[in-house]
Amino acid sequence: MLPTTITHDFVKGLPKAELHLHLEGTLEPELKLALAQRNRIDIGQGTIEEIKRSYRFDSLSSFLQVYYPAMNVLQQEEDFYQLAMAYLHKAREHNVRYVELFFDPQAHTSRGIAFATVIDGYHRAVRESPALGVESALVMCFLRDMSAQSAADTLEQALPYREQILGIGLDSDENGNPPGKFKEVFEKARQAGFHLTMHCDIDQHNSIGNIRQALLDIQVDRLDHGTNIVEDQELVAYVRDKGIGLTCCPVSNGFVGDMKGNEILQLLRAGVKVTVNSDDPAYFQSYVSDDMFALAQSYSMTPAEMVQLARNSFEVSWLPADRKAAYLRQITDYVDAW
Ligand code: ADE
Ligand code: ZN
C-alpha cells in the first residue's frame, strides 16, 4: 500500500534508475585527498574541511571552475575504477538498480591521460556492478565548450569501444555552445547506433531555443535538465507524445538558483516522463533519494507521484523492454509490501 506521507525511508527503498549522474561528480573529498596523496598531486587543499569549504557555487560556470581542476587527481586506470566503484556502492545504498553513468573523456585526454586508461577503469566497474546488485552502462559526454572537431575526434577514439558505451551526451558550459554546434557529430553517433541525450541546463541564454534544437534538429532521445520547456507548450506536447524523458536534478539546480520543483511537477502532471537524479552528488552533497525527498519536502506532491518518478526512471532508460518490465515489477512489489 502507498504510505500516507512521503518519508525518506520510503523514497530510499524505492527501486529506481539513475539517468543523470556524472562519474566525475561523484568524487567525494575523502577519495580526492587519497588519490592526491597516492598520485602526488597538489590540489591546494589538505583537509576534507578545506575541500568542502571550496564548494560554494552560484552558477554553472563557478561550479565547473572547481569541478575540472579536481579531476587532476585521476591519473591511473585504477583511480577511474575506484571512483566508479565508490559511486556504485552508494547507488546500492539508495536502491538504484540501474544507472547510466555519464563520463567526460575530454576532461582527461586534454590533460594527457589516454582514452583507454579512462574507459578501461570505468568499464571494469561496469562489468563488476551486477555483483553489487546494480546494473550499469556508460554514456560518453562531449564537452560543449570544446570544439566540434574535438568532439568528432573523441567519437573516433570511442568507436573501438562501441560495445562498452551505450549512449552519447553533451555537457559543460552551455553559454555560447548551443546544440547545433554538435549536429554533425551527433548524426555520426546516431549512425553508429548510440542513444543520444544532451544537457539543456536551466535558465540559460536562449534555453528554449536550445531545447528546440536538441529535440527537433538533433532529435535526441532524452533531455538532461530541460525544465525550461514549460515556456513552450507545443514542445511539452511533443515530448509527452513521443515519451521523451527529462532527467531533472532539483538539488543541483537549487545551488544555482531554483530547484525547478514547480516545473518538474507541472511536467509530471502533464504526463511528461520526468525523472529525478543527483547530477554531481559529491559536490551537491545529495544522492538520488535525497534529491527525490528534497523535492517532496519543498513542494507539495503525493506518494503516488513519487512512485511515478521512479517508474519513469526505468521507462525512459535505455534498457531493453524485458529488463524495464522486470524493474517496474520490483516497484509494484515494493509498494504492495509497504
Ligand atoms: N558537468 C557536470 N555537471 C554538469 C551540469 N549540471 N551541467 C553541465 N555540465 C556538467
Ligand atoms: Zn549534469
- Task: Could you walk me through whether Ile211 and Ile229 pass side chain to side chain contact (heavy atoms under 4.5 Å, CB included), step by step?
- Result: CA-CA 7 Å; Ile211 290 171; Ile229 199 169; 4.1 Å; yes
- Message: Is there a side-chain hydrogen bond (donor to acceptor under 3.5 Å, both in side chains) between Tyr55 and Gln285? Walk through the geometry before answering.
- Response: CA-CA 10 Å; Tyr55 293 177; Gln285 287 163 42; over 6 Å; no
Heavy-atom closest contact ([X] atom, [Y] atom, distance):
X	Y	value
Phe186	Thr197	CE2-O, 3.5 Å
Ala125	Ala84	CB-CB, 3.5 Å
Phe182	Met146	CZ-O, 3.7 Å
Pro250	Asn277	CD-O, 4.2 Å
Thr26	Leu23	OG1-O, 2.6 Å
Gly243	Val316	O-CG1, 3.8 Å

Tell me if the centroids of the rings in [X] and [Y] come within less than 6.0 Å of each other.
X	Y	answer
Tyr67	Tyr283	yes
Phe10	Tyr334	yes
Phe103	His22	no
His108	Phe80	yes

State the [atom1]-[atom2] distance between [X] and [Y], to the nearest 0.5 angstrom.
X	Y	atom1	atom2	value
Gln37	Ile43	CD	CD1	8.5 Å
Leu74	Thr117	CG	OG1	11.5 Å
Leu246	Cys200	CG	SG	9.0 Å

- What residues form a side chain to side chain donor-acceptor pair (under 3.5 Å) with Gln266, not counting sequence neighbours?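 Gln266: no side chain to side chain donor-acceptor pair (under 3.5 Å) contacts found.
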Between [X] and [Y] (side chain of the first, backbone of the second, donor and acceptor by atom type, cut-off under 3.5 Å), is there such a pair?
X	Y	value
Asp104	Ala107	no
Lys16	Val11	yes
Asp224	Thr247	no
Gln204	Asp201	no
Ser62	Phe57	no
Glu18	Val288	no
Asn312	Val274	yes
Ser150	Ser147	no
Lys32	Ala70	no
Gln106	Leu143	yes

- Over 12 non-hydrogen atoms of neighbours within 6.0 angstrom of NZ in Lys181: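 Check passes, neighbour count above 12.
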- Message: Are more than 12 heavy atoms, taken from residues, nucleotides or ligands other than Arg40, located less than 6.0 Å from that residue's CZ atom?
- Response: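 No - once you tally the heavy atoms of other residues, nucleotides and ligands closer than 6.0 Å, there are 12 at most.
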Could you check if a side-chain atom of [X] sits within less than 4.5 angstrom of a side-chain atom of [Y], using non-hydrogen atoms only?
X	Y	value
Leu83	Tyr122	yes
Glu174	His205	no
Met140	Thr154	yes

- Checking side-chain hydrogen bond (donor to acceptor under 3.5 Å, both in side chains) for the pair Arg38/Gln82: CA distance, chi angles, key distance, verdict? CA-CA 13 Å; Arg38 188 159 88 199; Gln82 213 176 325; 2.9 Å; yes
Decide, yes or no, whether a salt bridge links [X] with [Y] under the criterion of side-chain N to carboxylate O below 4.0 Å.
X	Y	answer
Lys12	Asp290	no
Glu135	Arg97	no
Glu78	Arg124	yes
Arg190	Glu187	yes

- Does Leu60 share a hydrophobic cluster with Ile202, counting links as ILVMFWY side-chain heavy atoms below 4.5 Å and allowing steps through other members?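 Different clusters: Leu60 never reaches Ile202 through Ile, Leu, Val, Met, Phe, Trp or Tyr contacts under 4.5 Å.
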- Task: Determine whether Val256 and Val251 fall in the same hydrophobic cluster, where Ile, Leu, Val, Met, Phe, Trp and Tyr are linked whenever their side-chain heavy atoms lie under 4.5 Å apart.
- Result: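 Val256 and Val251: separate clusters.
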Aromatic [Y] / basic [X] pairing, under 6.0 angstrom, 45° off normal:
X	Y	answer
Arg222	Trp318	yes
Lys90	Tyr287	yes
Arg56	Phe63	no

Side chains of residues 232-240: which donor-acceptor partners sit under 3.5 Å, not counting sequence neighbours?
| unit_1 | atom_1 | unit_2 | atom_2 | d |
| --- | --- | --- | --- | --- |
| Asp232 | OD1 | Glu234 | N | 2.9 |
| Asp232 | OD1 | Leu235 | N | 3.2 |
| Asp232 | OD2 | Arg212 | NH2 | 2.9 |
| Gln233 | NE2 | Val230 | O | 3.1 |

Go through the side-chain N and O atoms of [X] and [Y] and say whether any donor and acceptor fall under 3.5 Å apart.
X	Y	answer
Ser313	Thr275	no
Asp291	Ser278	no
Asp333	Gln330	no
Tyr98	Glu100	yes
Asp79	Asn39	yes

- Message: Over 60° means perpendicular and under 30° means parallel, so tell me whether His225 and His20 are parallel, tilted or perpendicular.
- Response: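 Aromatic pair His225/His20 classed perpendicular.
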- Report the C-alpha distance between Lys52 and Ile48 in whole Å, list the side-chain angles of each, state the deciding distance to 0.1 Å, and finish with yes or no for side chain to side chain contact (heavy atoms under 4.5 Å, CB included). CA-CA 6 Å; Lys52 285 191 173 161; Ile48 308 286; 4.0 Å; yes
- Query: Between His199 and Leu170, does a side chain to side chain contact (heavy atoms under 4.5 Å, CB included) hold up when you go through it step by step?
  - Reply: CA-CA 6 Å; His199 277 57; Leu170 183 70; 5.7 Å; no
- Share the residues that join Met1 in a hydrophobic cluster, the rule being Ile, Leu, Val, Met, Phe, Trp or Tyr side chains under 4.5 Å apart at the heavy-atom level.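 Traced through the cluster, Met1 reaches no other member.
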- Give the intermediate values and the outcome of side-chain hydrogen bond (donor to acceptor under 3.5 Å, both in side chains) for residues Asp153 and Gln157. CA-CA 6 Å; Asp153 294 344; Gln157 286 181 293; over 6 Å; no
- Check step by step if side-chain hydrogen bond (donor to acceptor under 3.5 Å, both in side chains) holds for Asn228 and Asp203. CA-CA 7 Å; Asn228 287 77; Asp203 299 340; 3.0 Å; yes
- Query: Checking ring-ring contact (aromatic ring centres under 6.0 Å, His included) for the pair Phe115/Tyr161: CA distance, chi angles, key distance, verdict?
  - Reply: CA-CA 10 Å; Phe115 187 91; Tyr161 300 89; 5.5 Å; yes
